[in-house]
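Below is one structure, written out as structure tokens; the observations come after it.
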Amino acid sequence: MEEKDRTRDWIFLMAEREEWSVPGSCEEKVERILEELPDRMGKEKRMMLGRKRILLLAVGFAALLGMTAAAAGIFRWREQAVKNFGNPTEEEQQEMVTEGMAREQTAVASDAGITITAEQTVQDDHTLYILLKVQTEEEIIDGNGAFDNPDLDGNYGEPWILTSDEEAFSNVSMGFSPDTPSFGDLDKQGFYEIQALKSMDREWKEESVTVHFTEYSYYTYENGDTIPHKIQGDWSLTLPLGEETHVKTNCYELEEPVEIAGMSVQVKRVELSPLSLVLVFDMDDLLQLEETLYAEEKDVYLYETACSGFLDQNGQKILTGTGGQSGAYDYENREIINQIGLGKYIDPDQITGVLLGEEGVVVPLQ
């Protein structure tokens, strides 16, 4: 066994004995450190420096783990965000913090009796999730309430999320969390969630985003009537996102077509991360499928090609739901690209297939 291998094994044995949780990114950093060490050295020098080097590596590794643990300890995932991502385990939550996907937010904006506090963001290369806590002086919160950002003329054309690139997002949706009561039971507190898809055809350069609202609308319910209300204000929260995330994305180039509704359809490429999915179809195959199934219809959405879940290594179905979807046409390469935000955290390494449509057509990932 080479000296580097013994050093690596010793460090990770120590981590195991001390019951340290070792994220994958830490293992990669240790491997890079070891690669930079010389392969050979004189016997006397090795005897003098061997223990010192191992000690320094161990101390450095312990400090690295300590910082990771400290960061995870300071930033505990918000319960509402955990629910939104399908209850990822404590280990998965910590991994997402370490990889730069999950980040604590602390910005606060108050006006017109409403206070909005940014709690947490979660992102990868394709998606951004923002969790906001809303507190009000009066009971005006239920699942039908909403924030907006109309312009001076009262038109609703302004974006909710301000970025340096006006076209940074292709799709944005938002609202109070699903467990907020819909009718009647107004409250003074709730969680507001924003789901956004990053534009596929643009390089993501946003180190921060600003959430900006100027209006809150809600309803009261009296004698069977629904009465609308609007509150004007100015709520602006700037959220740092960091320069980049380090999330691993599994990419697959597929050769064999799949059969959808009795027709051969080529899925050319699949990109899968814990939070998003990209499916790249042969354009001509999809156009032929659309023409065959919906010959007399216009503006058709091919549900037959929509992601309906995944298969794990045991052949069990995993249903994730979606957190938004957008598409793009690449005419040069004759491709249709579907970008999908997942409604649940998944481990890409445990996935063996993507399911399409109600029929659950399997796109195997190998």
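All figures in this text were calculated on a predicted structure; none of them were measured in a lab.
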(message) Using the rule given for side chain to side chain contact (heavy atoms under 4.5 Å, CB included), can you reason through Val108 versus Thr117, listing the C-alpha separation, both sets of side-chain angles and the distance that settles it, and then say yes or no?
(response) CA-CA 4 Å; Val108 180; Thr117 304; 3.9 Å; yes
Starting from [Y], can I reach [X] by hopping between I/L/V/M/F/W/Y residues whose side chains sit under 4.5 Å apart?
| X | Y | answer |
| --- | --- | --- |
| Phe191 | Tyr345 | yes |
| Leu311 | Tyr252 | no |
| Met174 | Leu197 | no |
| Leu355 | Leu365 | no |
| Ile351 | Val361 | yes |

Keeping [X] on the side-chain end and [Y] on the backbone end, is there a donor-acceptor pair under 3.5 Å?
| X | Y | answer |
| --- | --- | --- |
| Arg334 | Asp284 | no |
| Asn149 | Pro159 | yes |
| Trp235 | Ile114 | yes |
| Ser308 | Gly357 | yes |
| Glu359 | Ile260 | no |
| Asp111 | Asp234 | yes |
| Gln93 | Pro88 | yes |
| Gln325 | Asn338 | no |

Side chains of [Y] and [X]: any donor to acceptor distance under 3.5 Å?
| X | Y | answer |
| --- | --- | --- |
| Ser110 | Thr115 | yes |
| Gln195 | Thr127 | no |
| Gln105 | Gln120 | no |

Nearest 0.5 Å please: distance from the [atom1] atom of [X] over to the [atom2] atom of [Y].
| X | Y | atom1 | atom2 | answer |
| --- | --- | --- | --- | --- |
| Thr320 | Ile340 | OG1 | CD1 | 8.5 Å |
| Glu290 | Gln288 | CD | CD | 10.5 Å |
| Met96 | Trp77 | CE | CH2 | 3.5 Å |
| Tyr192 | Leu131 | OH | CG | 12.5 Å |
| Arg269 | Gln266 | CZ | CD | 11.5 Å |
| Leu241 | Trp204 | CG | CH2 | 6.5 Å |

(request) Start with the C-alpha distance between Asp165 and Lys205, add both sets of side-chain angles, then the distance that settles side chain to side chain contact (heavy atoms under 4.5 Å, CB included), and finish with yes or no. (result) CA-CA 8 Å; Asp165 180 353; Lys205 298 180 179 179; over 6 Å; no
Heavy-atom pair with the smallest gap, counting every atom of [X] and [Y]:
| X | Y | result |
| --- | --- | --- |
| Val270 | Val363 | CG2-CG1, 4.4 Å |
| Ser273 | Leu342 | O-CD1, 4.0 Å |
| Leu132 | Ala118 | CD2-CA, 3.8 Å |
| Gly327 | Met200 | C-CE, 3.9 Å |
| Thr249 | Glu271 | CG2-CB, 4.1 Å |
| Leu128 | Thr121 | CD1-CB, 4.3 Å |

Throw together a table of side-chain donor-acceptor distances under 3.5 angstrom for residues 136-148, partners on residues two or more places apart or in other chains.
{"from": "Thr136", "atom 1": "OG1", "to": "Glu138", "atom 2": "O", "distance (Å)": "2.5"}
{"from": "Thr136", "atom 1": "OG1", "to": "Lys188", "atom 2": "O", "distance (Å)": "3.4"}
{"from": "Asp142", "atom 1": "OD1", "to": "Asn144", "atom 2": "N", "distance (Å)": "2.9"}
{"from": "Asp142", "atom 1": "OD1", "to": "Gly145", "atom 2": "N", "distance (Å)": "3.4"}
{"from": "Asp142", "atom 1": "OD2", "to": "Tyr221", "atom 2": "OH", "distance (Å)": "2.9"}
{"from": "Asn144", "atom 1": "ND2", "to": "Ser182", "atom 2": "O", "distance (Å)": "2.5"}
{"from": "Asn144", "atom 1": "ND2", "to": "Tyr221", "atom 2": "OH", "distance (Å)": "3.2"}
{"from": "Asp148", "atom 1": "OD1", "to": "Trp160", "atom 2": "NE1", "distance (Å)": "3.0"}

(request) Answer yes or no: is there a side-chain heavy-atom contact under 4.5 Å between Ile161 and Ile130? (result) yes
(message) Is any side-chain heavy atom of Ser177 closer than 4.5 Å to one of Asn84?
(response) no
(message) Could you go through Ser326 and Asn171, starting from their C-alpha distance and side-chain angles, then the distance that decides it, and tell me whether this counts as side chain to side chain donor-acceptor pair (under 3.5 Å)?
(response) CA-CA 7 Å; Ser326 66; Asn171 181 298; over 6 Å; no
Decide if atom [atom1] of [X] counts as having more than 12 heavy atoms of other residues, nucleotides or ligands within a radius under 6.0 Å.
| X | atom1 | answer |
| --- | --- | --- |
| Tyr329 | OH | no |
| Glu79 | CD | no |
| Glu291 | CD | no |

(request) Report the residues that fulfil side chain to side chain contact (heavy atoms under 4.5 Å, CB included) with Thr238, sequence neighbours left out, ordered by chain and then residue number. (result) Ser208, Thr210
(message) Holding to side chain to side chain contact (heavy atoms under 4.5 Å, CB included), I want the full list of residues that pass it with Ser199, two or more places apart in sequence or in another chain.
(response) Ser170, Asp201, Arg202
(request) Test Arg76 against Glu104 for salt bridge (Lys or Arg N to Asp or Glu O under 4.0 Å), laying out the working first. (result) CA-CA 8 Å; Arg76 300 293 299 175; Glu104 181 182 27; over 6 Å; no
(request) Would you sort out whether Lys83 and Gln80 count as a side chain to side chain contact (heavy atoms under 4.5 Å, CB included), showing the intermediate values? (result) CA-CA 5 Å; Lys83 289 181 182 178; Gln80 188 60 46; 4.2 Å; yes
(message) Gln339 vs Ser276, test: side chain to side chain donor-acceptor pair (under 3.5 Å). Steps then yes/no.
(response) CA-CA 8 Å; Gln339 178 192 33; Ser276 64; over 6 Å; no
(request) Evaluate side chain to side chain contact (heavy atoms under 4.5 Å, CB included) for Asp125 paired with Lys198, printing each intermediate quantity in order. (result) CA-CA 8 Å; Asp125 292 339; Lys198 301 174 182 178; 5.8 Å; no
(message) Can you pull out every salt bridge (charged side-chain N to carboxylate O under 4.0 Å, His left out) where at least one residue sits in residues 338-357? Sequence neighbours excluded, please.
(response) Lys248-Asp349
(request) Output every pair passing salt bridge (charged side-chain N to carboxylate O under 4.0 Å, His left out) with a member in residues 304-317, not counting sequence neighbours, ordered by first then second residue. (result) none
(request) Could you identify which residues cluster with Tyr303, counting Ile, Leu, Val, Met, Phe, Trp and Tyr as linked when any side-chain heavy atoms lie under 4.5 Å apart, either directly or through a chain of such contacts? (result) Tyr301
